[in-house]
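Read through the structure below, which is laid out as structure tokens, and then see the notes.
For clarity, every value in this text was computed on a predicted model and none was experimentally measured. Here, residue 1 is the first one in the sequence, and each next residue gets the next number.
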Amino acid sequence: MEIRAPFDGVIATRNVNQGAYVGPAGRGSEMPIMTIQQQRKLRLAVAVPEQYSGFLTENQPLQFTVKSLPGQTFSGKIARKSGALDSRLRAERVEIDIINTNNKLLPGMVAEVELPLTSQDSAFVVPKSAVFTSGEGSFVIAVVGSKTQRLPVQKGRSIDGQIEIFGDLKEGVTLVSKADEEIIDGTSVK
């Protein structure tokens with residue numbers, strides 16, 4: 001008997017040897033005869049945390065590395081986004097298609113993906129010290145006409161002492177660099 005696969009591939013596991021019994025059910029047929037993998041096109045599945053899932057779009061290029069091939073960077077494009085969060089991980093499953101023409105990548109490798117978190121919304125980046133959080137929410141303190149005014153904001157990504165903020169802010173507004181809950185609205189500023 002001859003069994004043909006519907007695609008070209010590599011036999012990754014072989015569970016029977018010549019002369020072994022292979023039947024439709026019962027003993028000897030608990031496992032598949034063999035596993036064939038097509039390695040020219042691979043799929044990388046990434047669990048993207050909820051707070052970052054909104055920054056990624058389909059067909060967006062991503063880069064990644066694998067520990068077994070140090071110093072080499074690989075790339076692929078986002079092919080699919082699940083559109084839902086895994087309730088256990090609080091993350092969205094994103095799949096990246098990778099063309100593996102040189103067969104350097106093997107199925108099952110663990111990849112470290114670099115997520116370019118570029119925002120489509122206009123946002124401001126300020127020092128972390130310019131934002132304070134109280135029981136009422138997060139705020140920055142603006143100087144309007146030599147008087148302070150609290151402006152509610154939402155925090156975004158933070159890195160190296162800087163934080164992204166979203167809110168009803170306009171370009172050119174002056175903010176207090178070291179905001180504090182004790183600075184009340186209407187405080188005079190020189």
Side-chain angles (χ1 to χ4, degrees), residues 2-18 20 22-25 27-128 131 133 138 154-166:
E2 188 175 288
I3 300 172
R4 292 183 184 266
F7 58 88
D8 291 336
V10 175
I11 297 174
T13 57
R14 183 187 320 263
N15 296 317
V16 294
N17 293 312
Q18 190 172 2
V22 178
R27 301 181 88 199
S29 63
E30 294 88 16
M31 300 184 67
I33 297 171
M34 65 185 68
T35 303
I36 300 175
Q37 296 176 338
Q38 186 180 35
Q39 296 180 354
R40 295 258 183 245
K41 185 176 182 182
L42 300 177
R43 180 175 300 149
L44 174 60
V46 181
V48 177
E50 176 182 2
Q51 67 187 55
Y52 304 128
S53 65
F55 294 101
L56 302 176
T57 59
E58 285 192 29
N59 294 320
Q60 182 177 1
L62 294 178
Q63 293 190 333
F64 65 95
T65 58
V66 291
K67 287 187 178 181
S68 60
L69 300 169
Q72 296 184 46
T73 302
F74 303 93
S75 63
K77 287 188 176 183
I78 295 177
R80 287 161 296 286
K81 291 178 64 179
S82 69
L85 295 179
D86 177 322
S87 60
R88 189 174 45 89
L89 296 174
R90 301 301 308 159
E92 180 180 20
R93 182 182 169 100
V94 174
E95 293 180 353
I96 303 162
D97 284 343
I98 298 135
I99 305 303
N100 187 32
T101 53
N102 55 14
N103 289 334
K104 284 186 176 181
L105 298 170
L106 300 176
M109 284 182 158
V110 176
E112 190 172 308
V113 180
E114 192 175 300
L115 297 176
L117 301 177
T118 54
S119 176
Q120 283 95 24
D121 301 332
S122 58
F124 293 93
V125 177
V126 297
K128 284 184 180 179
V131 181
T133 303
S138 296
Q154 289 183 325
K155 295 179 186 178
R157 301 166 290 174
S158 66
I159 188 168
D160 296 333
Q162 303 282 314
I163 189 164
E164 180 180 47
I165 56 172
F166 300 91

Working to the nearest 0.5 angstrom, can you tell me the gap between [X] [atom1] and [Y] [atom2]?
X    : Y    : atom1 : atom2 : value
K155 : Q51  : NZ    : CD    : 12.0 Å
R40  : N102 : CZ    : CG    : 9.0 Å
T101 : N103 : OG1   : CG    : 8.0 Å
I165 : S138 : CD1   : OG    : 10.0 Å

**Request:** Report the C-alpha separation of I33 and N15 in whole Å, then their side-chain angles, then the decisive distance to 0.1 Å, and conclude whether the side-chain contact (heavy atoms from CB on, under 4.5 Å) test is met.
**Result:** CA-CA 5 Å; I33 297 171; N15 296 317; over 6 Å; no
Taking all atoms of both residues into account, what is the closest heavy-atom pair of [X] and [Y], and its distance?
X    : Y   : value
A5   : I36 : CB-CD1, 3.7 Å
P107 : L42 : CG-CD2, 4.1 Å
L89  : A47 : CD1-CB, 4.2 Å
Q60  : F55 : OE1-O, 3.8 Å

Using atom types as modelled and distance alone, determine if a side-chain donor or acceptor of [X] lies under 3.5 Å from a backbone N or O of [Y].
X    : Y    : result
E92  : G83  : yes
N100 : K41  : no
Q162 : I159 : no

**Message:** Show me the pairs that pass salt bridge (charged side-chain N to carboxylate O under 4.0 Å, His left out) and involve residues 99-109, at least two apart or across chains.
**Reply:**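 Not a single pair qualifies under salt bridge (charged side-chain N to carboxylate O under 4.0 Å, His left out).
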**Asked** Is there any salt bridge (charged side-chain N to carboxylate O under 4.0 Å, His left out) pair reaching into residues 44-59, and which pairs are they, with sequence neighbours excluded?
**Response**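 Listed once each, the pairs are E50-R90.
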**Prompt:** Does CD in E112 sit with more than 12 non-hydrogen atoms of other residues, nucleotides or ligands closer than 6.0 Å?
**Reply:**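 No.
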Is the shortest side-chain heavy-atom distance between [X] and [Y] below 4.5 Å?
X    : Y   : result
E114 : T73 : no
L62  : S75 : no
I78  : N59 : no
V10  : Q38 : no
I11  : T35 : no

**Message:** Among V66, L105, I96, which residue satisfies the side chain to side chain contact (heavy atoms under 4.5 Å, CB included) criterion with L44?
**Reply:**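 Exactly one candidate clears the test, I96.
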**Message:** By the definition side chain to side chain contact (heavy atoms under 4.5 Å, CB included), identify the one residue from V113, L85, V94 that meets it with V48.
**Reply:**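 The option that passes is V94.
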**Prompt:** For T65, which residues count as a side chain to side chain donor-acceptor pair (under 3.5 Å) partner, sequence neighbours excluded?
**Reply:**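 Per chain and number, T65 pairs via side chain to side chain donor-acceptor pair (under 3.5 Å) with no residue.
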**Request:** Name all pairs fulfilling the side-chain hydrogen bond (donor to acceptor under 3.5 Å, both in side chains) condition that reach into residues 80-89, sequence neighbours left out, sorted by first residue then second.
**Result:**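 Sorted result for residues 80-89: R80-E95, R80-D97.
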**Message:** I need the full list of ring-ring contact (aromatic ring centres under 6.0 Å, His included) pairs touching residues 71-110, with sequence neighbours left out, sorted by first then second residue.
**Reply:**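 Listed by first then second residue: F64-F74.
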**Request:** Could you list the residues that satisfy side chain to side chain contact (heavy atoms under 4.5 Å, CB included) with K128, not counting sequence neighbours?
**Result:**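 Per chain and number, K128 pairs via side chain to side chain contact (heavy atoms under 4.5 Å, CB included) with S158, I163.
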